[in-house]
Colleague: 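My structure is below; once you've seen it, I'll send some questions.
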2 protein chains.
Amino acid sequence: MVESGTSASPETGHPGGDRPRLDRQRILEAGAVFIEEHGVRQLSMRRLGAELDVEAMSLYRYVPSREDLLDGIVESVVDELYSDPEVYVEPRYGWQDYLLRLAHGLRRLAVKHPQVFPLIATRPAEAPWVRPPLRSLRWVESFLRAMTQAGFSNEQAVEAYRAFSSFLIGNLLLEVAALGADIGPVEDPDPSPSRQADLTDYPLLQELQDLLSEDRSKQEFDAALDALLDRLDSQLT
Amino acid sequence: MVESGTSASPETGHPGGDRPRLDRQRILEAGAVFIEEHGVRQLSMRRLGAELDVEAMSLYRYVPSREDLLDGIVESVVDELYSDPEVYVEPRYGWQDYLLRLAHGLRRLAVKHPQVFPLIATRPAEAPWVRPPLRSLRWVESFLRAMTQAGFSNEQAVEAYRAFSSFLIGNLLLEVAALGADIGPVEDPDPSPSRQADLTDYPLLQELQDLLSEDRSKQEFDAALDALLDRLDSQLT
DNA sequence: TAACCGTACTTACGATGTAAGCAAAGCATG
DNA sequence: CATGCTTTGCTTACATCGTAAGTACGGTTA
């Protein structure tokens with residue numbers, strides 16, 4: 001029996017096929033997944049369309065352009081921060097706890113989306129003075145409120161915001177790059193022969209290569225974050 | 001009188017025309033200039049060819065691909081560091097002076113090439129453990145030598161290298177982005193109407209907007225750099 | 001002169017982003 | 001039910017891209 005009532009079931013889509021219906025969020029999520037799997041360079045409207053069983057042009061109903069698609073993907077990834085239970089929009093246990101949680105939340109995001117993260121870092125934000133990786137006005141407001149409530153002056157809060165942003169961008173961008181995130185374009189299917197640079201002229205490099213390749217990112221991140229918090233704390237007095 | 005001797009004048013090019021002859025370095029420099037003027041997105045082989053009064057395909061004589069062209073541009077820009085008289089490859093007045101000069105040299109580079117700098121930051125380096133923005137084995141060797149000579153252990157030198165890289169990437173990337181560097185693709189010829197985001201829900205943002213837009217990058221860079229040097233110094237003991 | 005070679009141009013192909021128009025299916029009305 | 005509007009997706013078409021392959025031409029050397 002076919003109901004043709006006023007309110008349709010959520011599964012109302014394409015009647016013959018069983019394709020779950022296109023919508024902007026679905027496109028953005030598929031885009032994020034695609035980038036994580038194949039890299040930004042490989043993402044084309046046609047290929048993303050194919051991924052969704054749809055022609056490229058159909059995407060333009062929900063996304064004005066490829067550029068906007070990338071912005072949307074970035075935004076939707078950053079928005080995951082809202083659903084991280086470890087991160088509080090409102091500070092609960094003081095500003096240091098707030099910043100620690102925020103930083104670690106962003107780090108989790110970066111590690112979870114190593115291919116998307118460089119986009120987060122390099123795409124222009126909605127307002128020129130909103131900086132990556134927070135990117136959203138709401139988070140900046142949240143940040144500034146946490147700091148001013150804790151006793152930072154307006155100037156100090158703004159300075160802290162810039163220092164915090166810079167710190168995160170630098171550390172996370174490099175950490176993610178080191179993940180073999182293949183940040184740029186090239187997918188190098190050539191591990192050993194010439195990719196191994198010639199170190200004969202650089203004895204110290206040669207000696208320290210193992211140390212350099214070692215992954216101590218978590219510890220160093222925490223140590224540098226600690227130092228940053230100390231520095232901010234010392235400005236409070 | 002036409003000289004057809006064995007050694008030609010430097011102007012030996014195209015006989016009829018007065019075009020100065022193509023070579024890789026000229027292409028890379030033209031590419032850097034083009035990017036600074038029009039942004040990376042606008043750089044195509046055809047357009048760069050036109051800039052040099054040459055067909056696109058002629059460039060492929062000197063540059064294997066567009067990707068390699070970008071890498072080459074990055075490399076040639078970073079190599080300017082060698083000709084900065086303020087920066088020493090060998091430390092002369094202690095490791096702190098060395099790091100200060102290096103950091104300021106890179107900052108000058110970033111400010112001079114705001115459009116190219118994000119490429120420096122995000123392109124994969126020649127070896128995975130060589131990090132932006134130094135990018136070259138020779139500078140990494142120089143860095144590590146300066147630190148170990150100053151009494152840092154191998155582990156500490158490597159850790160310092162990572163901290164220093166992260167610091168520079170973060171600060172310079174954001175500084176350059178704030179330059180209106182239009183880091184991404186869009187050239188927005190629309191300053192006032194909707195580019196001005198709606199701040200009604202964010203009172204603190206509204207109040208601090210002037211502070212946030214203020215450019216204090218130089219001072220904050222120096223302050224953060226100072227803090228980093230202090231932190232490294234405290235590890236020495 | 002002839003052979004050669006490096007340089008630059010021409011042509012051509014597949015892939016891209018996207019403008020414009022079209023078709024079909026859902027809903028709201030008579 | 002018939003009619004029309006709106007939403008959704010497909011089709012076609014075009015300029016532009018990176019680049020493979022072939023060609024023409026001038027300078028050097030023999």
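These numbers come from a predicted model, not from an experiment. Protein chains get the first letters and strands the later ones, always in sequence-line order, with residue 1 at the start of each.
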Colleague: Does A/Q42 reach the side chain of A/F34, with side-chain heavy atoms less than 4.5 Å apart?
Modeller: yes
Colleague: Are the side chains of A/V78 and A/P133 in contact, using a 4.5 Å heavy-atom criterion?
Modeller: no
Colleague: When the distance from CE of A/M57 to C1' of C/dA19 is rounded to whole Å, what number comes out?
Modeller: 7 Å
Colleague: Just say parallel, tilted or perpendicular for the rings of A/W139 and A/Y82, cut-offs at 30° and 60°.
Modeller: parallel
Colleague: Between A/F143 and A/L99, is there a side-chain heavy-atom distance shorter than 4.5 Å?
Modeller: yes
Colleague: Is the closest side-chain heavy-atom distance between A/L52 and A/L59 below 4.5 Å?
Modeller: yes
Colleague: How long is the line joining CD1 of B/I27 and C1' of C/dA8, in whole Å?
Modeller: 11 Å
Colleague: Got a salt bridge between B/K218 and B/E175, using NZ or NE/NH1/NH2 to carboxylate O under 4.0 Å?
Modeller: no
Colleague: Between atom CG in A/L59 and atom C1' in C/dA19, what is the gap in whole Å?
Modeller: 15 Å
Colleague: What integer distance in Å separates B/L48:CG from D/dC17:P?
Modeller: 12 Å
Colleague: Could you state the atom-to-atom distance from CD of B/E67 to P of D/dC17 in whole Å?
Modeller: 15 Å
Colleague: Using the 3.5 Å cut-off, write out each protein N or O paired with an N or O of nucleotides 4-8 of chain D and the distance between them.
Modeller:
{"unit_1": "D/dT8", "atom_1": "OP1", "unit_2": "A/R21", "atom_2": "NH1", "d": "3.4"}

Colleague: Between the protein and nucleotides 13-17 of chain C, are there any N/O to N/O pairs under 3.5 Å, and if so, what are the atom names and distances?
Modeller:
{"unit_1": "C/dT16", "atom_1": "OP1", "unit_2": "A/S44", "atom_2": "OG", "d": "3.4"}
{"unit_1": "C/dT16", "atom_1": "OP1", "unit_2": "A/R47", "atom_2": "NH2", "d": "3.2"}
{"unit_1": "C/dG17", "atom_1": "OP1", "unit_2": "A/R66", "atom_2": "NH1", "d": "3.4"}
{"unit_1": "C/dG17", "atom_1": "OP2", "unit_2": "A/M45", "atom_2": "N", "d": "3.0"}
{"unit_1": "C/dG17", "atom_1": "N7", "unit_2": "A/R46", "atom_2": "NH1", "d": "3.4"}
{"unit_1": "C/dG17", "atom_1": "O6", "unit_2": "A/R46", "atom_2": "NH2", "d": "3.0"}

Colleague: Going by the rule salt bridge (Lys or Arg N to Asp or Glu O under 4.0 Å), which residues pair with A/R24 if we only count those two or more places apart in sequence or in a different chain?
Modeller: A/D68
Colleague: Without decimals, in angstroms, what is the distance between B/E55 CD and D/dA24 P?
Modeller: 16 Å
Colleague: Below 4.0 angstrom from OP1 or OP2 of C/dT7, is there any side-chain N or O of B/S58?
Modeller: no
Colleague: Counting distance only, does the side-chain N/O of A/R135 pair as donor-acceptor with the main-chain N or O of A/I120 below 3.5 Å?
Modeller: yes
